[in-house]
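These notes concern the structure reproduced below.
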2 protein chains.
Amino acid sequence: MKISVVKNVLDANDRIAADNRAIFDKKKIYVINLMSSPGAGKTTLVEKTILALQDRYRIGVIEGDIQDTCDAERVAKLGIPVVQINTGGGCHLDGNMIREALPAFDLDQLDFLITENVGNLVCPAEFKIGENAKIMILSTPEGADKPAKYPLMFQESSVLILNKIDLMPYVDFNMEKAKKDALSINPKLRIFAVSCKTSEGLQGWLDWLSGQIAVFQKG
Amino acid sequence: MKISVVKNVLDANDRIAADNRAIFDKKKIYVINLMSSPGAGKTTLVEKTILALQDRYRIGVIEGDIQDTCDAERVAKLGIPVVQINTGGGCHLDGNMIREALPAFDLDQLDFLITENVGNLVCPAEFKIGENAKIMILSTPEGADKPAKYPLMFQESSVLILNKIDLMPYVDFNMEKAKKDALSINPKLRIFAVSCKTSEGLQGWLDWLSGQIAVFQKG
């Protein structure tokens, strides 16, 4: 039993991601792929984003985890349709996993789909899933050296959420260095410094996101 | 061009790791494989461990990073031989990478080799490198749900360092839940709650480590 080399695997994934994208375009569903290290605050950002926007958009969520359903249960409490993908050891979501999850939604009843990837600052950046935008989170306790150490995710993302600014007094995080190094990898990166815990700074992210959804739905 | 399926890749890796292990046994070098999410405090633990033990043991370090040499530069300042492995996108160290790094050391002049893996709570747990013990770090800002979400690393590790206890007043971290869930996955796990920043709790880790090295060198 043989499998193809990585390049071909990625080519095959790109084809499936493009198929997903065609479905999302047809159904006018704006899709984000949310990525970060474990514990950077992805699920809390999902919750806060849903609470702020669920009156304006019909939102769905795909939760990617190696195992368990605890993030999906958190989201389901908000009354949002949510599908759990358990990768069974796999370190990232890919196009095929998203394709397999779609029949669980009524796609005619969705404007905005949030996919929360497996917590991993490396591998998820390599796999398209048919998203409109990749969104990444870096939290202040992780340190400002992360753009230099994990450049691909910074390069592939449209937005960098710098989360846990409420911890800034207690951690050694050089905000200016983090921003500068991230922008040197990806000059187009939009950066929002926020605390998902206190909601400080979240409005900038919500405004950006609403603007993107509006442009997409007109297009 | 074809590559083997994952199982065979892991078998091949196990053979190389066993070869490394035979070299370490012959040279009486105790080896740890240090793993965690990005930013959990691996390099700071390496620095503090070297500072505490470099008068008793001849220590060497292998730094694993996707790119850059900033961790290796931090360690080199302590006057310790250090080799940087850049994985070039790869999300973990494997046996072959360690084998390739060994000629850069004078193995007759080492008692203790610290390998710091790529920051990733998923993939490194699957790849043996010839270590005596896998050591993992979970930091309090990451949250107490991580054992349930990333079980393999907790299962494979001999020691869990719960780091950044200095941040406990500012983060929602349930220490008892983290310990209980980790032990339910791996009842043999030794757990040390520490702050690598303030050095609180580090003595327990250093005593355990010194004991292991002593037993190994006698054996």
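In what follows, chains carry the letters A, B, and so on, assigned in the order in which the sequence lines appear, proteins first and then strands, with residues in each chain numbered from 1. Here the structure is a predicted model, which means the values were calculated and not measured. We use all heavy atoms of the structure for the numbers below, so side chains are in, but hydrogens, waters and symmetry mates are not.
- Between the CD1 atom of B/Ile66 and the CG atom of A/Leu152 there is a distance of 8.0 Å, given to the nearest 0.5 Å.
- The main-chain N or O of A/Ala148 is found under 3.5 Å from a side-chain atom of B/Gln67 such that the two form a donor-acceptor pair.
- The interface of residues 171-197 of chain A with chain B, defined by heavy-atom distances below 4.5 Å, comprises A/Val171, A/Asp172, A/Lys197.
- In terms of heavy-atom pairs under 4.5 Å with chain B, the best-connected choice from A/Asn86, A/Leu121, A/Val122, A/Thr140 is A/Val122.
- Listed options B/Gly119, B/Gly90, B/Gly143 were ranked by heavy-atom pairs under 4.5 angstrom with chain A; first place goes to B/Gly119.
- Interface check for chain B: of the options A/Pro38, A/Pro141, A/Ser37, the most heavy-atom pairs under 4.5 Å are formed by A/Pro38.
- Between B/Glu126 and A/Gly89 the shortest heavy-atom distance is OE2-O, 4.4 Å.
- Atom CG of residue B/Asp166 and atom OH of residue A/Tyr170 lie 11.5 Å apart, to the nearest 0.5 angstrom.
- Looking at A/Asn120 and B/Asn120, their side chains come closer than 4.5 Å, going by heavy atoms from C-beta outward.
- With a 4.5 angstrom heavy-atom cutoff, A/Leu167 touches chain B only via side-chain atoms.
- The two residues A/Lys164 and B/Glu142 make their nearest non-hydrogen contact at NZ-N, 4.5 Å.
- Of the two parts of A/Cys91, the backbone and the side chain both hold a non-hydrogen atom closer than 4.5 Å to a non-hydrogen atom of chain B.
- With a 4.5 Å cut-off on non-hydrogen atoms, A/Pro169 does not touch chain B at all.
- A 4.5 Å side-chain heavy-atom check between B/Lys149 and A/Asp71 finds at least one atom pair inside the cut-off.
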